Amino acid sequence: MASDPQLDLSFLTRLGVDGTHLSGTSTGRHTLDPATDADSPASLRSTTPVDGSLIATVASTDRSQYEEVVARAQEAFRFWREVPAPRRGEVVRQIGDELRAHKDDLGRLVAYEMGKITEEGKGEVQEMIDICDFAVGQSRMLYGKTMPSERPEHRLYEQWHPLGPVAVITAFNFPVDVWAWNAMIAAVCGDVIIWKPSEKTPLCAMAVQGIVARVLERNELPEGIFSVVQGGREVGEFLTTDERIPLVSATGSIRMGREVGRTVAVRLGRTLLELGGNNAIIVSSQADLDLAVRAIVFGAAGTAGQRCTTTRRLIVHEDVFDELRERLIRAYSGLRIGSPLDPETLVGPLVDADAARAMQEALEQLKASGGEVLFGGEILDGEGFEAGNYVRPAICLAENDFPIVQEETFAPILYLMRYRELNEAIDLQNGVRQGLSSSIFTNDVREAEAFLSARGSDCGIANVNIGTSGAEIGGAFGGEKDTGGGRESGSDSWKVYMRRQTNTINWGRTLPLAQGIEFDV
Ligand code: UN1
């Protein structure tokens, strides 16, 4: 393995995550000692999807370490909330600069630990840099409104204050970026952040924490503005049940989101949920098929189908159905599948062999419902594919109401279905429990506007002539229905990380009551 020139692992050293057994729990630059030894079941195993081999074990956070992390976070919050927001923005600007300096290495680590191709790994780091830039600007725009008071010599306005320690629970598929969406915005808002990354990608979080820690140190800022806890469900529950954490932002499956939502709701905390998608593209008879094919292949096969915005369903007008199907099969036949570290590769592995098996089960269920696999779907074997997690992206014929089509299978499976009238296509598009992303390909402005209107797509994201994945950070990101309703990243998502205070000031010499009430004493 080491003799393979593509497996130059020096980036691990440069990112400070080389070693065989690591402690991933940290507050700022302070790494808490491993609570467990490497063989303990409480250690996480970070394996690379490249060949399934072990990169390192990482100690899980135990209860006493967790208490230490929260104590430091609370202490840091008491300081950080008083720092002027533009000064907080300056710290985030420096984090953006550090990320720029480490973009290649961190992008490679993302590829190595999670399995997306290096180009997309670097794209993920670029998205972190973009959100840093956005957050710097936002730090000068935490606007509250001033309203006219109904009473004379009164001023009525609102202002926004930080919430406190915010938990950010992230998924393996975007192991660094989704943290940044949350953490960079929350940081300029004056919150402190406790991150629980996926158990499958602990090293990515450690590397990011190392980058952030340097900035904290240079600016002599307290430990605990940014912390990391590592572990599975139990560590997640430390956070969701903890009344000291006013907001839990969680990305992952619908099942996980329901649990997080329920647990946090019981203590009347807030959640920001970004859960599964089941995203469709409608291809009209008026579509530019050249554009559509490129967008569909990137959306459905890119990231090996492991984005929450992945295109899973294709709803095609019957007039262009046969042509589009053939063009897609041709495009899929040319997709280079291989190591995510090879610059020639377009489709990397699935995260692990379990995911490949889940894909096989989904295809079996599809066939049992009467669907058909038109292309691909198999697990690849042979040299380089020994780990059992490389698959050929699949194109299938399906009906929207097949049970498996209603599910999000985190793998590259594209379900094709046909339609005749646009309303029918929109009903199919909306006819799933999830509501994240959606698109239409059409050159007909009436069709496009109908799709975007109140009777159109019911998703949080609705696009025209671009695919379902690859959203920019400037917009609010998230979806409706079982996707959880949360909005992260751009637009006014910052408000989720703050508490709103309404202030009324009487600068007169009398005490008029609102609503004209007389109450003389
Ligand atoms: C995710 O899959 O959780 O829109 C996030 C996109 C990316 C983010 C996806 N910017 O595809």
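For ligands, and for the atoms within them, numbers begin at 1 and follow the listed sequence. Keep in mind that what you see is a predicted model, and the values were worked out from it rather than measured.
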Once the angle between the rings of W494 and W160 is folded into 0 to 90°, is it parallel (under 30°), tilted (30 to 60°) or perpendicular (over 60°)? perpendicular
* Is D133 salt-bridged to R100, going by a charged N under 4.0 Å from an acidic O? -> yes
Looking at C308, G299, G470, S469, the heavy atom closest to atom 5 (C) of ligand 1 belongs to C308
The answer for which part of W181 has a heavy atom under 4.0 Å from ligand 1 is side chain
Taking only non-hydrogen atoms of E274 and a 4.0 Å limit, the atoms of ligand 1 in range are 3 (O)
Looking only at protein heavy atoms, what sits closest to atom 11 (O) of ligand 1 is T309 OG1, 2.6 Å
Atom 10 (N) of ligand 1 sits nearest the protein heavy atom E127 OE2, 2.8 Å
- Between E274 and R487, is there a salt bridge with N-O shorter than 4.0 Å? no
- Would you say the ring centroid of W195 lies under 6.0 angstrom from that of F226? no
Query raised in the report: Based purely on interatomic distance, does N173 place a nitrogen or oxygen under 3.5 Å from a nitrogen or oxygen of ligand 1?
Result: yes
**Report entry** A471, any N or O under 3.5 Å of ligand 1 N or O
**Finding:** yes
query: Below 4.0 angstrom, N of the basic side chain to O of the carboxylate: do D242 and R267 qualify?
result: no
Salt bridge present between D290 and R294 (N-O < 4.0 angstrom) | no
Quiz item: Has ligand 1 got any nitrogen or oxygen that is less than 3.5 angstrom from a nitrogen or oxygen of R307?
Solution: yes
